[in-house]
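Naming: A, B, ... by sequence-line order, numbering from 1 per chain.
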Amino acid sequence: MLENLSKTYNPKDFEDRIYKYWKDNGYFKAEVNEEKKPYTIMMPPPNVTGNLHMGHALNNTIQDILIRWKRMEGYEALWQPGTDHASISTEAKVVEKIKKEGKSKEQLGREGFLKEAWEWTRKYGGNINNQLMKLGVSCDWDRERFTLDEGLSKAVEEVFIRLYEKGLIYRGDRIINWCPSCRTAISDAEVEHEDTEGHLWYIRYPIKGESGHIVIATTRPETMLGDLAIAVNPEDERYRGFIGKTAILPLMNREIPIIADEYVEMEFGTGAVKITPSHDPNDFEVGERHGLGQCVIMNGDGTINENGGIYNGLDRYEARRRIVEDLKEQGYLVEVKKHNHSVGHCERCKTTVEPLISKQWFVKMEPLAKPALDVYKEGKLRFIPDRFGKIYTHWLENIKDWCISRQLWWGHRLPVYYCEDCGEVMVARKKPEKCTKCSSTNIYQDPDTLDTWFSSALWPFSTLGWPEDTKELKYFFPTDVLVTGYDIIFFWVVRMVFSSLEQMGEVPFKDVFITGLVRDSLGRKMSKSLGNGIDPLDIIDEYGADALRFTLVTGNTPGNDMRFYMERVEANRNFANKLWNATRFVLMNLDEKIALDKIEKSMLEEEDKWIISRINTVIREVTNALGRYEIGIAAQKIYDFIWDEYCDWYIEMVKPRLYGENRESKETAQKVLLRVLENILKLLHPFMPFITEEIWQHLPERKKPLIVSDWPKFNEENEDQDAEKKMSFIMSAIKGIRNARQEMNVAPSRKANLIFVTREEDIKDIIEYGRRYFINLASADNITIQDNKESLGENNLSVVLDRCEIFIPLKDIIDIDKEIERLEKEKEKLEGELKRVKGKLSNEGFVSKAPREVVEKEKEKLEKYENMMEKVLQRLNSLKNS
RNA sequence: GGGCGAUUAACUCAAUGGUAGAGUGUCAUCUUGACGUGGUGAAAGUUACAGGUUCGAGUCCUGUAUCGCCCACCA
């Protein structure tokens, strides 16, 4: 056993091996099992051709912690993995690839392109999974799904048809966001607004048949090519006379009416606004109200089309430049002002999006949003932290119809067919033989595909077999918790909720755990363009997955961003090393032939009872914290226990017994060391699965692997207040002695006598009991206990405790002035405490209103501090007088 | 224009209304038979500011300041 454990922790030696062991033995698998309660998490599917980044690492670590914990608690724990086809992003990558080969989408044709895309997917699709495995994720790989799988595609089709039949999907001409670079429509959620310093151009439009003119202001002068009106506010005195007249569109020489509409803000610009119904959502509405019609002036690639007259064929920005120039030349440009406004960009490629009228497919959101809002209000859906619930509701309350058609090829093609002859629209599972209206056989399928999020919205149930009525669906759905970043609440969380409610009649998950962003050490977002991204795999390679995992879940709170510091990873690697070596110590001191049966209670020493009582408490604390999703707190508790209590105190205390002659005491210590270690490994396993499993496999009498061992339970019988009290006295005595000695620069090698002065019998017992601790941990060579200190001279260090004073005679070393200084410091500290406690206790309100135990505690403290203060003062007095 | 978050030790962050903690860094010290990826000890805080509620506030309320994020069709 021991011989296999190297002197230092070296995660590379075992992480891959352990993972393979778990996987090959099927410990990640979840099956429908009516004897057990299910616990389900759906992994947010990463992009199929993506790479693992810190966000994934954080996210999946949290999920893995929860799933491992629940698995150990005895749940049938399903963690459903899979990948997303990420239409727009993957398609862009494939386009780029074939472009390098000198080919274009059009040249390849739809089929040829899809072939390329599938090849690409097969080539890079496995990467992210392998990377996740490095992290230690314990998801059920046998159930892996891909959004373009046959089953999931069927679910997508089914939902589309159902929504269509219900009238919740419609096709229409609407202003959508058009990305001229991706050459597709995108949804509102895919547009990022950014405040940009632009200009406001003031342009003069002449009035037909008059000498007058009207000045408008615009931020996008090129859109004037498509102007169909000028609008003013009906209340605006300045323009009252213009309403109903006709203006001449400069450069185009087109006649456009001047209309009145409430929408126009009188205070902004000149109070008159040009109306371009085809290229602005507001103008579109105005156009609808006034029956202005449409005039599209732009092509899909962002160039001006034939409606743009002489500007035909120019890129939109070149057209803008030329138009401004021409306006100026022809005397129409009144002035140009700097103007900050927000400009929409494509979330994927950052190109400025163009609002554009286009025939697209939409999901009618209002009827779907309502139930999604209701479940939140009814408490059936919970956010952790709950403030994100507000973001969720705010979005749903202001939701607009969802544009779901994309002019892309990589994705789920719309199950929509058109009759070439009569234009009839048919939504069907299979291509209709002939037109349902005119019986023509001239039928073609809509070339568009669906927004990727349309399929991810179904993830919680499509992965379980829906629309088939599978046993998995019945058992594992609804899921328990969704773990995801706040950046995709709108894209994904919201859409999963309303989709589930609509199709399943239930929420897809009860809790939504929201994570923050992992930033670099300067607080910047990690990004490719900045080149400041830290690759999780590099960290795993250097420090191990356990250290990375621990770093990601400690020291931050749900929903808050965190900074990634290498020093913290290192510290956590050191923690793993600490545990590794503690284990080596335990195994090194474990007699081969020791019978590891039950521990004989009567043989337990105080420190045994203390550590047993403490681990028991930690079991409760860690379990409770996990139950509240306080993962960082849970991790911190177990960390502190291992390092401070188990390693620094218990192991040190137990050493004399291990090296001693008393066989029974020795064996008891060995057993306790081992049993506590076992519990430690269990509690730590969800956080650091590799090292704990590796160590576990080296412990004696292993039957089950740790990953499927039972989660420890709090046991009231193990609580021992008395032992905790005694050990706490002993520990504070040791700390006091160490402190005093070090302050006086007494070398640890210099052993000294300790003279304990106390009249209290119980304290005397504890001291007597603690003899060996003082000798080993407080550099003592002899210990005396006496009732009074009269016989002692002044050349002592004195350590003041509650109801006890310790004297350390060090004749040659004591510098009286320094000792006085040290005690003065002690006095100051006590004064502070006394002031606080006295203040509280003399406060009538506190004594009468605070809970009894709080008051009692304060009273005890008062007594203790007064007692200590008296001794410090006496000591100071006698030193000063000597 | 709305909404949200943050402000705590030198740095990065924790902290169920009840004595403000950790990691890193700093200083001192220890080559003790698990670990120097370690041990021991120390220094370091008016919890951004101003009010309020409460017996008691880092924590709850109101306001201010600074920073950050999200949402929003003002051309």
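Mapping A:Tyr263 and A:Asp561 onto RNA chain B by nearest heavy atom places A:Asp561 at the nucleotide closer to the 5' end. For the pair A:Asn574 and A:Lys840, both in contact range of RNA chain B, the more 5′-proximal nearest nucleotide belongs to A:Lys840.
Across all strands, A:Pro355 comes closer than 4.0 Å to no nucleic acid atom at all (heavy-atom distances). When heavy atoms are screened at a 4.0 angstrom cut-off, A:Tyr565 is found touching the sugar-phosphate backbone but no base atom. Residue contacts shown for A:Ala582 include a base, since a base heavy atom lies under 4.0 Å away.
At a cut-off of 3.5 angstrom, counting only N and O atoms as typed in the model, there is a donor on one side and an acceptor on the other between the side-chain of A:Gln742 and the base of B:rU40. Scanning atom types as modelled, no donor and acceptor separated by under 3.5 angstrom connect the side chain of A:Arg738 and the base of B:rU40. Between the side chain of A:Asn843 and the base of B:rC55, no donor-acceptor pair of N or O atoms lies under 3.5 Å. Taking only distance into account, the side chain of A:Glu652 meets the base of B:rA34 through a donor-acceptor pair shorter than 3.5 Å. For a distance-only test at 3.5 Å, the side chain of A:Lys390 fails to qualify as a donor-acceptor partner of the base of B:rC4.
Which of B:rC70, B:rG18, B:rA34 sits closest to the side chain of A:Cys647 comes down to B:rA34.
At the phosphate of B:rA75, OP1 or OP2 sits under 4.0 Å from a side-chain N or O atom of A:His339. Considering only side-chain N and O atoms, A:Thr557 lies under 4.0 angstrom from the phosphate OP1 or OP2 of B:rA14. Using a 4.0 Å cut-off, some side-chain N or O of A:Arg563 falls inside it from OP1 or OP2 of B:rU12. Taking side-chain N and O atoms only, A:Lys655 has a distance below 4.0 Å to OP1 or OP2 of B:rA34.
Distance noted for atom P between B:rG2 and B:rU64: 12 Å (whole Å).
For A:Lys655 and A:Phe585, the positive end sits near the middle of the six-membered ring, less than 6.0 Å away and at most 45° from its axis.
Residue A:Lys825 forms a salt bridge (charged side-chain N to carboxylate O under 4.0 Å, His left out) with just one option from A:Glu831, A:Glu819, A:Glu743, and that option is A:Glu743.
Both thresholds, 5.5 Å between centres and 30° between ring planes, are not jointly met by A:Phe268 relative to the base of B:rA75, so the two rings are not stacked.
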